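Beneath this line is the structure, given in structure tokens, with notes to follow.
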Amino acid sequence: MREDARLLLTVLKNPARQAGLSAQAWSQVLYLARACGLLGRVAADAERYGLLDSLAAGVRDQLIGARRVAEMSRARLLWEMDRVRRATLGPDIKIVLLKGAAYVAAGLPCAAGRVSSDIDVLVSRDRLQWLEAALMAAGWQQVKSSDYDQQYYRDWMHELPPLRHPERNAVIDIHHTILPPTSRYKPDPAKLLANARMIDERFAVFADTDLLLHSASHLFADGELRGGLRDLVDQRDLMVEFGKSADFWPRLKARSEELGLARPLAYSLTYAHDLLAAPVPAEALTAARRALPWPPPLRWVMDWCVRAALIPPHLFDRAAGAAVAGELLYIRSHWLRMPPLMLARHLGVKAWRRTLGSRP
Amino acid sequence: MGRDVRDITRSPEHFRALRREGLRFRVGPFVAHVRTPFTRLRHDFLETYEGFPLASEAEATTFHLQVRATAPLRRWLRPKLMADAGFAHTPFVPLPGDLGMLAMEMGLNWLVATSSDRFLMFHAGLVERGGKAILMPGASGIGKSTLTAGLSLSGWRFFTDEFGLLDPDTLAFHPHPRPISLKNESIPVLAERVMPERLGRPLHETPKGTIRYLKPPRDALERMADTAPASLILYPNYNPNAKSQVIELPKHEAFAMVRGAAVNCDRLGETAFRALAALTDRCRSFRLIYRSLDQAIRMVSDLMEHAP
Amino acid sequence: MTAVAKADDRQQSGPSVGPLSIWTVPSPERLLWHDLGAVAVVFNARSGDTHVVDPLAHEALALLVESPRTASALTAALADLLEAPEAEVGPKVEAILTEFDRLGLIFPLVTVH
């Protein structure tokens, strides 16, 4: 494994090891952590372990800056929740917070130092229009402007076109299920909603098993995986936190099968265990891995792709491999999301628009 | 500062290093690591950054930047280059091969602007004398760089012409002495005041017209670790047709103006608010309308004496 | 930075609430004030926004921090302080409340609709 990747994984596994890093090692860790969206996390770890004051000034400066940015991100999420609460006064409807917003609202350890740019929520399908209308009446506006974008979202995605509040420049994504309807995985949103736990009169978060399964399916079935180490850190933290109760692992396995997400879970457990020392019991790992049906050659290719794509290459050390792995996985994740003809059309429209330069 | 610290020189060694492992050098509180394969840019860079202290093994890198070809073949056919910091979502644009220094400076500016949230950062020029700093916020093109450069050639220590870096805990400003970017009409004004070798070659037809980089004065580089609190905030406004005058700003206006110049104040939240409030309490703020550089330098010296 | 108490007819922040709604200031300890002579500025740590507040708006916010009130109770209290007729103060209070609500400085406790 690359030296910089090994160093970053070491301090993510064991933050106390930050204390022994040389300046040269810090140069690599800080760059890679930033590229992975994990600088805030490294800073939060340094603070939690009381290491900030012992670090060299240049390193400390960068971590203090990253900590401030993460604090601001957290404050913004809480503020957007407050504004959504105000915009939806009245009807007794459950809004489930997803990802970063959920971690912050539920006070989970993976919220520490985490930077989210958008807020993601989920409501049952029959409440979509109501929520969209309520937010638009309170000043949120459509972001995706072209008719094609609007149609694409409404037909093929698991969320409404994103809404932005122009005064606060904050974006909200409203989902009705956690994966696109065209994905080969089809977890039943009603089941996820049913087990979601209310945290106040308006907002809920997924049950413990479902928080992990959502993050895993987002990273390993839906996302592009590129730079996805941050998500894997979330998953490792969720495993540490929820794994404290003995019945979590059997419940997790049962739930993954009930929702049809056994395979993303197998990837998540495997890589969180291998790369980040997640405390997954051996029997849970073995059981989960039975969901990986691929014969060895294909599995090795996947394994290589995943490891290369999770951690982006260093600016001064670009190996062609990482870019290729990223592209392969991008194609793969789109292939998982859409019928094949759809894929060509979608990529075609995007590329065409890039060529014309009408949008970034 | 001990002179055992090595500086950037116009040596074959550093010329080679820029292409291979890159050069790591200190600029105030930051360590930049830059690299580029372009010959012309490497010449320009060493000329402009000669005398900057190289970072030691004991210092971690703050920014990585390379200036690279936009596409492999382009580099030979029709050179086009761009800055690359390795992150997605950077605003860098391809530039003609002649404008490498511009790509480098814009790249470094972007890195400072987006990753220095340890400091409350002002879009401002900054000079110091007698342990007191003057903050001069202002948009590009109103004479901020020219006045900063002029003052730094008249007995003031140069801190920055672009980024005022305030430590919100100590309320001291940190120097960030980078090459001063002189544009268009301001070039002849400064050219007559400095030795020709201090000015980089003209970069023509940039998005902002003609640019020449002025090397920071020697004392600015030697004392780049010496911070200073601000005692005065000035809003320079060069206008050859107006009556020259100094107008003091009422407190609420002073607060609103300096907040507007604080680039990252939304990212610093409460920390920024407290620092801005303290800064507004401590410093008087003036609008400075002037007709010539010499006049402005006299006005600033008078203000410094009478409004300490 | 936004100026408070120059209410305009911009967007509401949510469903309008009845006149019986009680307005409260959530987490007043997270409001940081700084006096600038003629006006004050307040930093709302919840929103990350800084607002310029004129004396009347300042007083109105202070009264709501003291205890949550309806619009009419706030009007009565301000009219008493200013020794001005309630009919004159009322519209100002309405405008201030609308703006406070839009900026998220206050939140309705009871909705009657």
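It should be emphasised that the depicted structure is a prediction, and the values quoted were computed from it without experimental measurement. The sequence lines fix the lettering, A, B, ..., with proteins before strands; numbering per chain opens at 1.
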Closest heavy-atom pair and its distance - C/Ser13, A/Ala138 | O-CB, 3.5 Å
Check for a donor-acceptor pair, side chain of A/Arg86 on one end and backbone N or O of C/Pro15 on the other, with a separation under 3.5 Å.
-> yes
Which residues satisfy the side-chain contact (heavy atoms from CB on, under 4.5 Å) test with C/Val25, sequence neighbours excluded?
-> C/Pro28, C/Leu31, C/Leu61, C/Leu64, C/Val65, C/Ile106
Does CD belonging to C/Glu66 count more than 12 external heavy atoms closer than 6.0 Å?
-> yes
C/Ser47 and A/Trp79: which non-hydrogen atoms are nearest, and at how many Å?
-> CB-CE2, 3.2 Å
Does the pair C/Asp49/A/Arg168 count as a salt bridge with the N-to-O cut at 4.0 Å?
-> no
So, the part of C/Asn44 with a heavy atom under 4.5 Å from chain A: the answer is side chain
Minimum heavy-atom distance A/Arg83-C/Leu103, with the two atoms named | NH1-C, 4.5 Å
